[in-house]
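Hydrogens, waters and symmetry mates are skipped; everything else that's a heavy atom, side chains included, is used. No experiment lies behind these values; they were computed from the predicted model shown. Here, residue 1 is the first one in the sequence, and each next residue gets the next number.
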Amino acid sequence: MSQTITCPKCGNTFEVTEAFSHHVEEKLRSEFEKRLFAERTAAANKAKQEAEQRAALELKDLRMQNEEKDKKLREAQSNELELRKRQREIEEREKNLQLEVQRRLEQERKVVETNARQEVEQRVALELKDLRMQNEEKDKKLREAQSNELELRKRQREIEERERNLQLEMQRKLDAERAALRRETEQKLADEHRLKDAEKDRKIAEMLRQIEEMKRKIEQGSQQAQGEVLEVELENLLRATFRTDDILPVPKGIRGADVVQRVKTPLGNFCGVILWESKRTKNWNDGWIQKLKEDQRDVKANVAAIVSTAMPEGIKHVGNLDGVWICDFAAVEGLALALRSGMVEVARARASAAAKVEKSEHVYTY
């Protein structure tokens, strides 16, 4: 086969055979490869040079950047070291300042505590001294009061003993005088009227008749007047027996009771109230008990008692019925002494208990 080849330089066209064409192709290919190799080598060298130049520039730039960064880093490190040094110095100064402040606060606190402790100790010492003085004064007064009470109790026992002895002696004398008078009278009557039995019997009968007449007249008298006489006798007896007590009439509005006895000690201490009612009748009435108890509540009395000529069933001279004391006129003084003594003892026990409680409170407070 023939081929036409155009010269690239002159532009002429000519035919070549296959062998020539192959030879040419080989030659052209070799030249082309050489040129291509050369061009590639040149391009590679050029690219290498450019790359080396660029790398050198970049390396130089990087070195300069590194140097600059190293410089900045050294400056930064230097600044950081300086800052750290200043920070340590500041922290050291703060620690020293805090330590100094703590020391001063501790010193001030010790001074304040010492002053406060001294002030409290002085105040407590004064209070303790005052309490000791108060306790000593109260103990002294208590000892004086106890001594006075013992002396008063001793005097009261002596007075009561003298009163009992006097009453016993008077009763003995009265019994002896009565017996002597009875014997004398019997002897005199026997001597004078031994021969005048008839006349004596007549006179006795006349006297009995007169006595019966007088009894009848007395019984026909005013019951109110009889009651007032008994009430007056009761007041006089209470006033004469208990001179330290207040014997008062019953307040208005209370119709059952008659006398109010306000019990007091020789020192004037109030102990309680006894309400008395007097009855002078032939028969006993159970309604008096409830009425007197109502009057007792109104007067606020501690004890209520009825003095009556007529006694309830089961009571001869003295007794207690439903919380109310009952006695005849002969037993008034004994009953009053017993009631009053118990009332005084209760009041003294209460006062003594109150004094003990007050003293205990003072000791507990101290």
Side-chain angles (χ1 to χ4, degrees), residues 160 163-164 166-168 170-171 174-175 215 218-265 270-350:
E160 291 175 354
E163 287 180 354
R164 287 193 294 269
L166 181 60
Q167 290 176 359
L168 182 60
M170 290 177 62
Q171 189 66 37
L174 287 173
D175 292 341
K215 285 183 178 180
I218 291 173
E219 290 175 356
Q220 291 177 354
S222 174
Q223 294 293 332
Q224 183 177 1
Q226 294 176 6
E228 290 177 356
V229 170
L230 184 59
E231 178 182 347
V232 171
E233 289 295 324
L234 177 61
E235 289 184 13
N236 293 335
L237 176 62
L238 294 176
R239 286 195 179 94
T241 307
F242 310 106
R243 298 184 181 276
T244 60
D245 296 351
D246 293 333
I247 309 301
L248 306 172
V250 174
K252 295 181 179 180
I254 299 176
R255 294 174 295 176
D258 298 322
V259 180
V260 175
Q261 180 181 358
R262 293 175 56 84
V263 178
K264 293 183 179 180
T265 63
F270 176 74
C271 299
V273 176
I274 303 175
L275 184 63
W276 295 91
E277 181 177 0
S278 59
K279 295 294 182 181
R280 188 176 182 182
T281 59
K282 291 183 178 181
N283 299 317
W284 171 263
N285 188 351
D286 290 335
W288 296 342
I289 299 294
Q290 186 62 33
K291 181 62 175 65
L292 185 59
K293 291 174 73 174
E294 293 176 359
D295 296 340
Q296 179 183 359
R297 288 194 295 270
D298 295 337
V299 177
K300 297 180 179 180
N302 302 87
V303 182
I306 297 177
V307 181
S308 176
T309 56
M311 303 299 290
E313 186 177 359
I315 298 176
K316 292 184 178 181
H317 299 286
V318 180
N320 189 289
L321 184 60
D322 197 13
V324 175
W325 288 95
I326 303 168
C327 69
D328 55 16
F329 191 83
V332 170
E333 185 175 355
L335 178 61
L337 283 170
L339 295 177
R340 187 181 182 280
S341 177
M343 197 172 294
V344 170
E345 290 297 326
V346 170
R348 287 177 176 172
R350 289 178 180 172

ask   = About how many Å separate OG of Ser278 and CD of Glu233, when rounded to the nearest 0.5 Å?
value = 10.5 Å
task = Can you measure from CD (Glu313) to CG (Asp286) and round to the nearest 0.5 angstrom?
result = 10.0 Å
query = Between Glu277 and Lys279, which heavy-atom pair has the shortest distance, and what is it?
reply = OE2-CE, 2.7 Å
Solution key, residues 320-327 side-chain donor-acceptor pairs under 3.5 Å, sequence neighbours excluded:
from: Asn320; atom 1: OD1; to: Gly323; atom 2: N; distance (Å): 3.1

Show me, pair by pair, the donor-acceptor contacts under 3.5 angstrom made by side chains of residues 303-310, not counting sequence neighbours?
from: Ser308; atom 1: OG; to: Ala310; atom 2: N; distance (Å): 3.1
from: Ser308; atom 1: OG; to: Ala310; atom 2: O; distance (Å): 2.6
from: Thr309; atom 1: OG1; to: Thr281; atom 2: N; distance (Å): 3.1
from: Thr309; atom 1: OG1; to: Thr281; atom 2: O; distance (Å): 2.8

key: Qualifying residues under side chain to side chain contact (heavy atoms under 4.5 Å, CB included), relative to Arg262, sequence neighbours excluded   = Asp246, Leu248, Val260, Phe270, Val273
message = Give me the atom names and distance for the closest heavy-atom approach of Gln296 to Asn302.
response = NE2-O, 3.3 Å
query = Roughly how far apart are Arg239 CZ and Ile247 CD1, rounded to 0.5 Å?
reply = 6.5 Å
inquiry  = Pair Gln261, Arg340 - check side chain to side chain contact (heavy atoms under 4.5 Å, CB included), show working.
reply    = CA-CA 10 Å; Gln261 180 181 358; Arg340 187 181 182 280; 4.2 Å; yes
task = For Trp288 and Asn283, work out which heavy atoms get closest and say how close.
result = CH2-O, 3.6 Å
query = What pair of heavy atoms forms the shortest contact from Ala331 to His317, and how long is it?
reply = CB-O, 4.2 Å
inquiry  = So which atom in Phe329 and which in Leu234 form the shortest heavy-atom distance, rounded to 0.1 Å?
reply    = CE1-N, 4.0 Å
note = Nearest heavy-atom approach of Thr241 to Glu333 is CG2-OE2, 3.9 Å
remark   = Distance col, row Arg297:CZ vs Leu292:CG, nearest 0.5 angstrom, shows 10.5 Å
ask   = If you measure from CD1 on Ile274 to CG on Asp245, what distance do you get to the nearest 0.5 Å?
value = 7.5 Å
query = Do Val344 and Val263 have side-chain heavy atoms sitting under 4.5 Å apart?
reply = yes
